[in-house]
Structures are given as structure tokens and as C-alpha cells.
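Any value given below was found using the heavy atoms of this structure, including those in side chains, with hydrogens, waters and symmetry copies removed.
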Amino acid sequence: MSKITILALLAFWLPGLEGQAAAPLRLEPFRRLAVLEQGRKKPMDTFARNLLKQFSGRSTLDGMDACTWLARVLFTPQETLADKLFLVNQPDVLAAMGLEGEGRGRFSFAQLHPGLGRLQQLAFQYADQDESSRGRVENESIRLFYNVSAYYRLLSAFSFARPGEAASRDPRSAPELPALLPFSDKPDEQWLGPAQAFARGSSLPAAMQKEISLLAKAAQAYEKASENDFARALDAFSRSVQNRLQPGTIDANQLSLEIFYNRLDPFSKAELIYGLALLLLILSLAVPRFRLERWAKLCLLLGFLFHTFGLTARMLIMNRPPVTNLYETFVFVAWAGVVMGLLMAWWQKQALGILAGAITGLAFLVIAGRYSLDGDTMGMLAAVLDSNLWLATHVVTISLGYAGCVVAGIIGHVVIVQELLTPRSAAAASTARPMYAALAFGLAFTCIGTVMGGIWADQSWGRFWGWDPKENGALLIIICCAILFHARLAGWIGHIGLAAGSIGAIIAVVMAWFGVNLLGVGLHAYGFTSGAARGLLAFVGAEILFLAVAISLVHKKSHG
Amino acid sequence: MPDKKNQPVLGFARSLASLKLTVVFLILLGLLVIAGTVYQAENGIYAAQREIFGAWIIRLFGIVPLPGLLFISMLLFINLLAAVFFRLQYRWRRAGLLLVHYSLLLFIGGGFFIAVTAQEYFLTLREGESSNVAISVGAKETRLDQNQKKVILPIKIKLLDFEKTMHPGSGIPRSFSSRVEIIFANTRRRAVISMNRPLRYRDYTFYQSSYAEDGLGGESSTFSVVRNSGRWLPYIASALLFLGLAGHFLVMLAAALKKTRPGKVRP
């Protein structure tokens, strides 16, 4: 027990990795403000993180956390003009703007400023083009322009609070960010940005006018670094907003939980700890006398605790089942893989279980981390996907199926390597047993998940089966597993063939999972980035190469 | 399983149950599914259904004939039927797997039944409009280049109001729904058709499919109308599949627990 305490303490110490550069004053009340963005009420903390990630591809800026950064942009905008904020992935965009710059890099508003006129022109032209005809530079121009103009609007979001600065009196042109003031709650809920609300002036109800002056007070207090005034104004603002809304519209506990979730960043922690588990396991195999295997197992368990907390917190924050979007499938499959690894580790095969669990957990959390750069991972659901019961059961079940196949495939690698090292040994045959079980688990859950998907489709779209690419993908996994089991029963393949086939099943899984989004057709195609496409192809290529080399070697050894 | 009985017919039937045939057919099925998916990305779902998923014969490059998905499914069905009769072991330990195979028979057989009998139409109404004339969308018609074929529904539908709501402050649709009136002879009743909540009337089902706005504030709503008397078949098959998998899982779990009991662990 003491071991896990030590590890847990170490893990909690890890937040030190996040930016700790101090804000001029305590930002807690600012962090807790409710903002409406993309249809969801979220704490300012999340809003700031999403924005900073979107602008810079990072979660901190010069050691500042996102909220500290955003407060500076809103309240002391002049100080932020030279911050190297905007990530430019394509240097050609800079050239097109008439600016100097090489390679991928981050640039400040001041640096980009001379070229913004040209960028705007380009972005407008490209945006009119058909999406499929745009290349990388075109898309990057649009993205950069979108980001710079969002930043530009943030700069004047509080200009009404600064004496001597001209604030727009036209509600149409005033910045709408960040949407802090609930304006109407039915039927199309609308929240106004502070500048927008200010521009509407006396046409607003008295409560809202009071809220605007509270925001102005907070902005002035921030500039003077008077912590108490800042906190008092923002708390009064939050209370006033709460009072205007129906009870339960903003859940303060959910906001606090989300801030804690953001700060703990449980999935990044879990990712690190799984990496550590893997490292310890490799060390323990290299130097058995250190007896590091148990530490590796504890690491896996600890990572699992963080991981589970993250999943649970998301469910509580969103009032939603664990898997509702592509990001969450990564997180959930990683989690299921770790559960299987832990079960295996406790049941019999300690090292194998740790290996399979840690690799699945690590790999899919890394992918999830990359994917989360695209924006808020807690987006709202489009109408077609919003029916909780079937969504919960179908997607969760099929993700479990994916996890089973992935774990089987990972063990498949081990079986093949063992066979290469010592041909026809008992070790490979014994390793193959949990692989068989994982594959059967994968097949069973993919089957159940697929027919549940069929039922969902029948209920909402009018057909049980429609040869949609995602349905075909699931069917392919089923066919792949069915081929393996029947070929083994027919005596065509043994445990080596089954191992090779399990790796084939991983390929089927990743193709069904995101290859389908790559094709970009059908009802299930929900967003995918081109970088991921290349990574996917590289992965499939590497696996096929591994299979070809390994199988030919195994063949040679057993016949030579 | 070598069978030397002097009954050529039975012997042939038994050989149809071969596992090796199963593997070969499954591989072909997998290849067809891949081909159809890729084809669909290029040519759209209706073309893919016509040329591959709903085809007995595929013509590669327009010439070389290959078995289509219907053909392979039929072969698998025969193979499975023979396996159920001659190969599968009827023991309690195998009961789960037996159920799974029965459910697959029902899935494939039901699929054939639905493919032959089910019909799908579209019905587009402007607000205030009522109609009982739907347009059928079928693979056969598209082949004849006669895209639309009209059918008369037994009931009239009147669109009273179409409503869409968005998640606040975003372009993400939260829900689409249509308030309609069902008119049959002299009776009228009101109903709501929304995403994930279709309207059922006898063996017809009306689903919210899409909508359009004419820019003048008027809206129109499109329903997909499905007439499918075999609708319940996949449900039965799903239930069998679920029971079978659950049963087999329990049997396997019991066996695994027995095996790992101390003293009985295999070397």
C-alpha cells in the first residue's frame, strides 16, 4: 500500500508541469464565470483553454496557463500584442501575407499585423471556394485569419470599461466574445458578449445593465491589480446572472468539477503513468533482479485510477454516457484495454497483462491528446446522434469490441516475437491463450454492438442495415474474427496464424474506426484531420511489413 | 470430417457444411464489403447497392463476371444451413454457439426477405400542404434512368408545422421535428415526427429525413416512408444472437474458472 501512496503523491506533484507563471491577482472568480460557447455553458477556464489551444496548439503560453493569458487579453490587451501566440503551420501563408518567416512557428499579433489586409483578402477568396478544392495552404490561411480575427475581437471585448478608449455603439459590429450575459432563454437561447451588451445600452433590462457595470468594475480592478474589488465584482456578476435564470441552468458544481478536471488533466497524467509502467516493465525484463514488475503493475493501476476519474468526471459534467464522440472513443477504448490488461495481470499473465494494458492505454491516450487539439472535446451532439439509450449502449459496446481486438492484436505481436526467438516453444502457445480469449471477447462485443447499431438505425432512420461505411467497417471486423476462428477450427492455422490474424484484426479495427472517416462519406463521418490520415496509413503499412517479415522468418525457421 | 456412407446425396449435403468453404466464403464476403465501401466513396450509396451490395453478379470493368454480395450471401446461407444440420454439435456446452449460428441464418434469410419485399419512398411537404403521393427510391428504377416513381399511400399526411432548434450559440442542430395530421377517410389525428422518433402507421413508418427553407420563411419537410413487413426479423435475430453469445460466455467462464482452480492448472 505504501508503494501506491508514493506513486500517487508523485502523480499529484505532476501538475507542476502546467504553467505556473503568476497572474497579477487571484483569478478564481474569473475562472468560474459561465460562458456559452458552441451550445454549451462552460467555465471561463475551459473557454480559455480551448481558445489558447486553437490559437497556439499549446495549453500554456510562456509559462502562463490559459486563463491567466485570457485575462490579460481581455483586461490589458496592449500587453499581449507581442506574445508569440499564433501557430502557423504553413510558412507559405506568411509568404502570401508578404511577411518573413521560415518553417512552422508561432507569431505575435504585432508581427502578423502588416500582412493582415492581404490575409483577409485571401481568406475570403478561399472561403468562397469549394471545400474539396482547397489545399493545405488555403485551409491554413482561413484558419489563421479566423484565429487572428477572434483575437482581435477579444482585444476590444472590454474596451467600454477603459476610459479613453472608444467602444462600439453598434450591437452588430461589437465583439460577441466571450458570451457571458444570458439574453433570452427561449426558444433559441442567446448570450451576449460584454461589448455587445454595452452597445445595446439602455434597451436592456436593468439587471443586465447592472451586470455590465459590474464587469467594467472588474476590468478596472484587474488593471489596478486590486484583488478584492476584482473578486467582489465578478462574484456579484455571477450571482446576478444566476438569479435571472431558471434554477439549474448553470450548475456551479459542474463548473467547479470541470475546472478541477481541467487542472488535474487526468488523461495526460494517465498517459505519463502508463508510459512509466511500460518503461518499468521493459527494465524488469532486462534486469529481472530489480523486481520492478510489481511496480509496473502498480503504475498501471494508478494510471487506471486517473483514467477512470477522467471518464467519470466527463460523464458528470456533461450528463452523458461515456462515449459520444470520436475523442471519447479513443479515451474509452484505452480505458477498456487497461481494464483487460489489469485483469490479465491479476489472473495469470502478469507481464503480458501489463504490456497489453499499458500499450493500449498509452497509444490511444496519445491519439486522444492529438485529437483534442481540434477544439472542445465536450461538444454538443448533432440531432441525429442525440438519443441517449441507444447511443450509450451501442457505442460503448462496440468500443469494447474494438478494445478486445486491439488487445488481441498486441498479444499477437508478442506471440510472433516469442516464436521467432524460440521456435515451437511452449511459451508462444501459452501466450496465445489470452489472445484467443481477447479476440473472442472482441468478436462478441463487436457483434452485439453492431446489431444494437442496427436497431438504433432501424428506429431512427428506417433501416436496420444500409451498407453505410461505418456499418461495413464493423461487419469487416466481425468477418475478420469469424475467418480466424473458423480457419483455426478447420486446421488451416495454428496459434501463429491466429496471432498474425489478430494483427489483421487490429488493422480492420483502425480502418473501421477512423478509416471510414477518411473516406468521408455516410452518416457516421464526423471529422478527421489530414495529419491523422497519414499516420493511419503509416501504421497500417508498418503492421503489414511486420507481418510479412515475421511470417516469412517463422516459416523459414520451422522449415529450415 | 470424412464421410464414407453410401448415400451420395447426403454425402454431398455434408460436404456443403465444410468449414473450409466457410472460410473461403467469408474471405470473399470481406473482400466484397471492402470493394463496395471503396466503390461507394466514389459513386455513392445507391450505385454501390445496385452494383455490389444488392447484386448477384458483379461485372468487373464491365466484362469479367464475379459473384456479387447476394450470391456470396446465398452460398454462406447454404453452408450455414448444412452446418446446422450436419456439423454443429448438439450438446449443452455448445448451446450458445448453436443459437449464434441460428441467429446468423435468420439475419441472412431475413436480409433476403427484406431486400425482396421492403419498399422505401420519400414524401416532401411544404407547411400547410397535404398529400398521399410519395416518390419511390429504388435501385431498379435508378438503373432504368427513371429516377422517380410515384406511389399512392393509404393515408394522407398534412404538414402543419416544421420546427428545428439549434444548440444555443452554435450551428449544431439540436432537433428537427414536424407536426403533422394523419388523414384517413374521414378521420384526422395529429402526430409529431422527429429525429429518432418516427411515426408508425400499419406497416408503414415515417421518418424525419430532411428539410428545406425557401428563404421566405416557408419550410418544407421530407419524410422517408418505409414499408417493411419483415421489420421484426432482425430483432428476433438480434435477440437470439445476444442470448447465444451470453450463454456461450457463461459456459466459457465456468470452464475457465474450473481450469484455474488450484491443483488443476495445466503445465
Q: Using salt bridge (Lys or Arg N to Asp or Glu O under 4.0 Å) as the criterion, list what pairs up with R488(A), not counting sequence neighbours.
A: none
Q) Among A444(A), A426(A), A440(A), G454(A), which has the most heavy-atom pairs under 4.5 Å with chain B? A) A444(A)
**Q.** Which portion of L475(A) sits near chain B, non-hydrogen atoms under 4.5 angstrom
**A.** side chain
Q | Interface residues of residues 96-108 of chain B facing chain A - non-hydrogen atoms under 4.5 Å apart | A | H101(B), F107(B)
Q.
Under 4.5 Å from any heavy atom of chain B, what part of A179(A) do you find: side chain, backbone, both or neither?
A. neither
Q: Might you confirm whether atom CZ of R200(B) has over 12 heavy atoms from other residues, nucleotides or ligands at distances under 6.0 Å?
A: yes
Q | Of all pairs that satisfy salt bridge (Lys or Arg N to Asp or Glu O under 4.0 Å), the ones with a partner from residues 227-251 of chain B, not counting sequence neighbours | A | D458(A)-R231(B), D203(B)-R227(B)
Q: Measure distances from T205(B) to the heavy atoms of chain A and classify the residue's part below 4.5 Å as side chain, backbone, both or neither.
A: neither
Q. How close do C447(A) and L245(B) get, heavy atom to heavy atom, and via which atoms?
A. CB-CD1, 4.0 Å
**Q.** CZ on F464(A) to CD1 on I114(B), rounded to 0.5 Å
**A.** 8.5 Å
**Q.** Validation row: Q40(B), N472(A) side chains within 4.5 angstrom (heavy atoms)
**A.** yes
Q) Is the count of non-hydrogen atoms from other residues, nucleotides or ligands lying under 6.0 Å from W232(B) atom CH2 greater than 12? A) no
(Q) Rounded at 0.5 Å granularity, tell me how far OH in Y436(A) sits from CE in M252(B). (A) 8.0 Å
Q) Between NZ of K20(B) and CH2 of W492(A), what distance do you get to the nearest 0.5 Å? A) 6.0 Å
Q | Y39(B) atom OH, over 12 foreign heavy atoms within 6.0 Å | A | yes
Q) Side chain, backbone, both or neither: which part of L69(B) has an atom under 4.5 Å from a heavy atom of chain A? A) side chain
Q. Which residues in residues 21-32 of chain B have a heavy atom less than 4.5 Å from any heavy atom of chain A?
A. T22(B), V23(B), V24(B), L26(B), I27(B), L29(B), G30(B)
